[in-house]
2 protein chains.
Amino acid sequence: MRRPTIADIARQAGVSKGAVSYALNGQPGVSEATRARILAIANEIGWRPNIAARALNGARAHAVGLALCRPARFLGVEPFFMELISGIEAELSARSYALLLQVVGDHEAEMGVYRRWWGEGRVDGAILVDLHLDDSRVPQVEEMGMPVVVLGHPSAAGSLVSVWADDRAAVRETVEYLVALGHRRIARVAGLPRLSHTAIRDRAFGEVCADLGLDACPIVHTDYTGEEGARATRRLLSSPERPTAIVFDNDIMAVAGLSVAQEMRLDVPADLSIVAWDDSPLCQVVRPPLTVLTRDIPAYGAHAAQRLLALIDGVEAKPLEDEAPRLTTRGSTAPPA
Amino acid sequence: MRRPTIADIARQAGVSKGAVSYALNGQPGVSEATRARILAIANEIGWRPNIAARALNGARAHAVGLALCRPARFLGVEPFFMELISGIEAELSARSYALLLQVVGDHEAEMGVYRRWWGEGRVDGAILVDLHLDDSRVPQVEEMGMPVVVLGHPSAAGSLVSVWADDRAAVRETVEYLVALGHRRIARVAGLPRLSHTAIRDRAFGEVCADLGLDACPIVHTDYTGEEGARATRRLLSSPERPTAIVFDNDIMAVAGLSVAQEMRLDVPADLSIVAWDDSPLCQVVRPPLTVLTRDIPAYGAHAAQRLLALIDGVEAKPLEDEAPRLTTRGSTAPPA
DNA sequence: GAGGGTCACTGGACCGGTTCAGCCGAGGGG
DNA sequence: CCCCTCGGCTGAACCGGTCCAGTGACCCTC
C-alpha cells in the first residue's frame with residue numbers, strides 16, 4: 001500500500017498535479033470549490049507532503065539541529081539540557097519543525113556534524129550552546145552561512161544572534177543578599193573555566209566582592225560533577241579563613257557541598273549558607289531545601305528557537321536579553337552564626 | 001555560491017551523472033581510475049549528497065525518531081532519558097543516522113508525530129519507550145508498518161522487537177539481599193502504575209515477598225516526583241507496622257525518602273534501609289550514599305538503536321534481553337537495628 | 001572471423017513535489 | 001461585436017540524486 005501522492009489526488013479530482021499543489025498550499029490559482037474538493041480528497045486518502053520532495057525544490061528542510069558536546073556522562077547529570085530541549089521543542093513543534101539531536105565528543109566533531117547537516121540540506125539552522133571564550137565554532141558557522149542562534153552572552157557570539165540572561169545581575173543580587181544577611185567571607189564553586197558564562201560569572205563575582213569591600217572571595221573551578229563539587233567544598237571549608245557562604249554553579253554540586261558540610265558537622269544554614277545556580281527538584285528535596293537562582297530554562301530554549309525560526313524565515317532577528325535569574329530563598333541561607 | 005551537485009562533478013570529470021553516482025556509491029560500473037578521479041573532484045569541490053534527493057528515490061531518510069511523552073517537567077528530573085539518548089546517539093552517529101526528537105503531551109500526540117514523520121518520509125523507524133499496559137501505540141505502529149523497537153518487556157510489545165532487562169530478577173536480588181540482612185518488613189515506592197515495567201516490578205515484588213514468607217509488603221504508587229516520593233515515605237514510616245527497608249523506583253524519590261527519614265529522626269541505615277532504582281551522581285552524593293540497582297542505560301539505548309538499524313536494513317532482528325540491573329551496595333542498607 | 005560475453009559508460013526515466021508559461025473561456029469595456 | 005483582461009487550470013520543466021536499458025569497444029573462443 002503505497003503512500004498517496006499528489007498525483008493520486010489529481011487523478012481522483014480530475015485535475016492536474018499543479019492545481020492540487022496550489023490547492024494544498026493555499027495559493028491562488030484554483031477556485032474555492034475545487035480547492036475544497038481537493039482538500040477533502042487529500043484528507044480522505046490520508047495524504048502527507050513528502051518533505052524530501054519539497055526540500056528538493058529548495059524549500060526548507062523543516063528541521064533545526066542541536067549538537068551537544070558535553071560528554072554523555074555529564075549530560076545526564078544536570079536537568080538543564082533536558083529542560084532546554086523541551087523548551088526548544090515546544091516552539092519548534094508548534095511550527096512543525098523537527099529537532100535533530102546529536103551528542104558529540106568535541107567542537108571539531110560538532111562542526112563536522114553541522115557541516116554535514118547543512119551540506120546535506122537536513123537542517124535549516126542550528127542552536128549553539130556552551131560558548132567558550134574565543135569559541136572557534138563562531139567564525140566557522142559564520143563562514144558557513146547557516147542561520148544560527150547562540151545561547152550565551154553576545155560578547156562571545158560574534159555576528160551571530162544570541163539569546164542570553166544577565167548573569168552579572170544575578171551574581172550581584174546573590175552576593176548582595178548574602179552580605180545583607182551579614183556574610184563577609186563568600187566563596188564561589190564555579191563550572192568549567194573555559195566556558196564563557198563561567199568567565200562572566202567569575203568576573204561579576206570578583207567585581208561585586210570588591211565593590212562591597214569583602215575580603216578574599218575565593219573561586220574554585222570544577223567540571224560540574226558532584227565529586228568535584230564535594231572536593232571543592234571540602235577544600236574551602238578546611239581553609240583557615242573558612243567561608244560562611246558558598247555559591248555553587250549548579251544543583252548537583254550544591255547538594256554535594258551540603259553533604260560535605262553536614263559530614264564536617266557544620267550546620268546549614270547556621271554555619272554555612274548555600275546557594276545553587278538553577279533550581280531542580282533535587283534542591284527542593286534535600287534538607288534544608290536550597291536557596292537557588294531560578295531561571296525559566298524552557299523559556300530560554302523557546303526564545304532561542306523562536307529567534308532561529310525568524311532567521312530562517314529571513315526576518316532579521318534581534319539578540320534577546322532574557323529574564324535574569326531570580327533568587328529564590330529557602331532554608332539553606334541565613335545570617336552566619 | 002550554490003552547493004555542488006553530481007552534475008557539477010560529472011561536467012568536471014567529463015562523464016555522465018550516472019557514472020558519478022556509481023563512483024560515489026562504491027558500486028560497480030566504473031573503472032578504478034575513473035572512480036578515483038571522480039572521488040578526488042567530489043572531495044575538492046566539497047560535494048555532499050543531498051539526502052532529500054536520495055530520499056526521493058525511496059532510499060532511507062537516514063534518521064530515526066524518538067517521541068518522549070512524559071511531561072517536560074519530569075523529563076529533566078531523571079537522568080534516565082538523557083543517558084538513554086546519548087546511548088542511542090552513539091550507535092546512530094556511528095552509522096551517520098540522525099535522531100529526531102520530539103517531546104509530546106500524550107500518546108495520541110505521540111502517534112500523530114510518528115504518523116507525520118513516517119508519512120513525510122522523515123524517519124526510517126522509531127523507538128518506543130515507557131510502554132503502558134495494553135499500550136494503544138503498539139497496534140497502531142504495527143499497522144503503520146514502520147520499523148519500531150520497543151524498550152520494555154516483550155509481553156507488552158506485541159509483534160514488535162523489544163529490548164528489555166529482567167526487572168524480575170533485579171527485584172528478587174534486592175529483596176533477597178534485604179532479607180539476608182534481616183529485614184522482614186520491606187516496602188516499595190513504585191512509579192506510575194499504568195507503566196508496564198511498574199506492573200512487572202510490582203508483581204515480582206509481591207511474588208518474592210510471598211516466596212520468602214514476609215509479612216505485608218506494601219506498595220505505594222507515585223508519579224516519580226520527589227514530592228510524591230516524600231509523601232509516600234512519610235505515609236509508610238508513620239504506619240504502625242513501619243517498614244525497615246524501602247525500595248524506591250527512581251533516584252529522586254529515594255533521596256526525597258532519605259530526607260523524610262532524617263526529618264523524622266530515623267537513622268539511615270540503622271532504622272531504615274533504602275535502595276534506589278538506577279544509580280546517579282545524586283545517589284552517590286547524599287549521606288549516606290544510596291545502595292542502588294545499577295543499569296547501563298546508554299548501553300540499553302545503544303542496543304535498541306542497533307536492533308532498529310538492523311530492522312531498517314531488512315535484517316530480521318531478534319528481541320534482546322539486556323543485562324539485568326545489578327545491586328550496588330552502599331551506605332544506605334544495613335541490618336535493621 | 002563471426003559470435004558471444006564482459007566491461008565501462010551514457011542517456012534518460014523516475015521519485016513527489018513546486019512553479020512557471022501558456023491556454024481557454026467568460027465577462028467587461030468601448 | 002471585437003478586443004482585452006483575468007481567473008482557473010494544464011502541461012512541462014525542474015530540483016538532485018538513483019538505476020535501468022542500451023551502446024560501443026574490447027577480448028575470448030571455436
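So that the names make sense, note that chain A is the first sequence line, chain B the second, and so on, each numbered from 1.
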With heavy atoms under 4.0 Å as the rule, sort [X] into base, sugar-phosphate or nothing.
X	result
A:Ser31	sugar-phosphate
A:Asn57	base
B:Arg48	sugar-phosphate
B:Gly58	nothing
A:Ser21	base
A:Val15	sugar-phosphate

task: Would you mind telling me which of A:Val129, A:Ile85, A:Ile297 makes a side chain to side chain contact (heavy atoms under 4.5 Å, CB included) with A:Phe80?
output: A:Ile297
task: Identify the residue among A:Leu133, A:Asp134, A:Asp130 that makes a side chain to side chain contact (heavy atoms under 4.5 Å, CB included) with A:Ser196.
output: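 Filter result, single survivor: A:Leu133.
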For [N], does OP1 or OP2 lie under 4.0 Å from any side-chain N or O of [X]?
X	N	answer
A:Arg54	C:dT18	yes
B:Thr34	C:dA8	no
A:Thr5	C:dG16	no
A:Trp47	C:dG17	yes

Would you indicate which nucleotide in [options] comes nearest to any side-chain atom of [X]?
X	options	value
B:Asn50	C:dG17, D:dG17, C:dT10	D:dG17
A:Leu56	D:dG11, D:dG16, D:dG17	D:dG16
A:Lys17	C:dT10, C:dG17, D:dG16	C:dG17

Euclidean distance, atom [atom1] of residue [X] to atom [atom2] of [N] [Å, nearest integer]:
X	N	atom1	atom2	answer
B:Arg35	C:dA8	CZ	P	9 Å
A:Arg3	C:dG16	CZ	P	8 Å
A:Ile9	D:dT10	CD1	P	14 Å
A:Ile51	C:dT18	CD1	C1'	15 Å
B:Ile6	C:dG12	CD1	C1'	13 Å
A:Arg11	D:dC9	CZ	P	19 Å

message: Can you tell me how the ring of A:His132 sits relative to the ring of A:His107, calling it parallel under 30°, perpendicular over 60° and tilted otherwise?
response: tilted
query: Is the A:Tyr224 ring parallel, tilted or perpendicular to the A:His197 ring (thresholds 30°, 60°)?
result: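 A:Tyr224 vs A:His197 ring planes: tilted.
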- prompt: Is there a donor N/O on one and an acceptor N/O on the other, under 3.5 Å, for the side chain of A:Tyr22 and the base of C:dC20?
  reply: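 Counting by modelled atom types and ignoring angles, a donor-acceptor contact under 3.5 Å is found here.
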- request: By nearest nucleotide on DNA chain C, pick out whichever of A:Val20 and B:Ala19 is the more 5' one.
  value: B:Ala19
query: Mapping A:Ala52 and A:Gln27 to their closest nucleotides on DNA chain C, which lands nearer the 5' end?
result: A:Ala52
message: Tell me if the CD atom of B:Glu321 is crowded by more than 12 foreign heavy atoms within 6.0 Å.
response: yes
query: Can any side-chain N or O of A:Asn25 pair as donor or acceptor with the backbone N or O of A:Gln27 at less than 3.5 Å?
result: no
